[in-house]
Amino acid sequence: MIIDFDSFTPIASLVGGVMIGLAALLLMLTHGRVMGISGILGGVFGGMFASGDKSASGDKSDVAWRLLFVIGVLAGPLALMALTGAPVERASVASGLTLPVAGFLVGLGTAIGAGCTSGHGICGLARLSVRSAAAVGMFMATAVITVYIVRHVV
């Protein structure tokens, strides 16, 4: 693995990390919820089709804040471009059939693991959750194996 120090942005990375941490803290303090994007996004769709029974798959009263959170995540790069005037750099990680298959597998993994990297990795580890530590270890091991297979076997 080679680190590209020409593209390394420590200040922007630090600011982004602090903002993610503040968002997680704010959500925990105001709603008592863990900030995991897969759970938040799942709650948007589950809440839209909920019957009103809070024990069912979703809760309609949670849809508004969840939807605003998702909109904020999507609007973040646009706000950065508006503030700095610089385009947000992005790189394609997959193309063709690989992208939907990878997306499905990530979704399946977050469903099996009862959370995603943001929920377990950022919030769970900060709360010293043993379950989150196990989930992050499993995520990382799966990522290492997947990268090895994709780069050296396939």
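By convention here, the first residue in the shown sequence is residue 1. The figures here come from the full heavy-atom set of this structure, side chains too, leaving out hydrogens, waters and symmetry mates.
Nearest heavy atoms, Ala24 versus Cys123: CB-SG, 3.7 Å. Contact record, Leu67 with Val44: N-CG2, 3.8 Å, taken as the closest heavy-atom pair. The heavy-atom pair separating Pro100 from Gly96 by the smallest distance is CD-O, 3.2 Å. For the pair Gly124 and Ser132, the tightest heavy-atom approach, listed with the atom from each and the gap, is CA-OG, 3.3 Å. Closest non-hydrogen pair, Thr9 versus Ser13, comes out as O-OG, 2.7 Å.
Evaluation of the side chain to side chain contact (heavy atoms under 4.5 Å, CB included) rule for Thr98 yields Ala94 as partners, not counting sequence neighbours. Residues satisfying the ring-ring contact (aromatic ring centres under 6.0 Å, His included) criterion with Tyr148, sequence neighbours excluded, are His152. With sequence neighbours excluded, the residues satisfying side chain to side chain contact (heavy atoms under 4.5 Å, CB included) with Val73 are Ile37, Phe69.
Side-chain heavy atoms closer than 4.5 Å link hydrophobic residues (I, L, V, M, F, W, Y) into clusters, and following such links, possibly through other members, connects Ile40 to Phe45.
Inter-residue side-chain proximity for His120 and Val34 is flagged as unmet; no heavy-atom pair is nearer than 4.5 Å. Side-chain contact between Val136 and Thr117: absent, with no pair of heavy atoms (C-beta onward) separated by less than 4.5 Å.
Within a 6.0 Å sphere centred on CD1 of Ile11, other residues, nucleotides and ligands contribute 12 heavy atoms or fewer. Other residues, nucleotides and ligands place no more than 12 heavy atoms under 6.0 Å from the CE atom of Met19.
Met140 CE to Ile145 CD1: the interatomic distance, rounded to the nearest 0.5 Å, is 12.0 Å. Note that CD1 of Ile122 is 13.0 Å distant from CZ of Arg127, once rounded to the nearest 0.5 Å. Put simply, CG on Asp62 and CZ on Arg33 are 4.0 Å apart, with the number rounded to the nearest 0.5 Å. Rounding to the nearest 0.5 Å gives a distance of 12.5 Å between CG of Leu22 and CG of Leu27. A distance of 13.5 Å separates CD1 of Ile20 from CG of Leu25, quoted to the nearest 0.5 Å. Taking CG from Leu105 and OG1 from Thr142, the interatomic distance works out to 10.5 Å, rounded to the nearest 0.5 Å.
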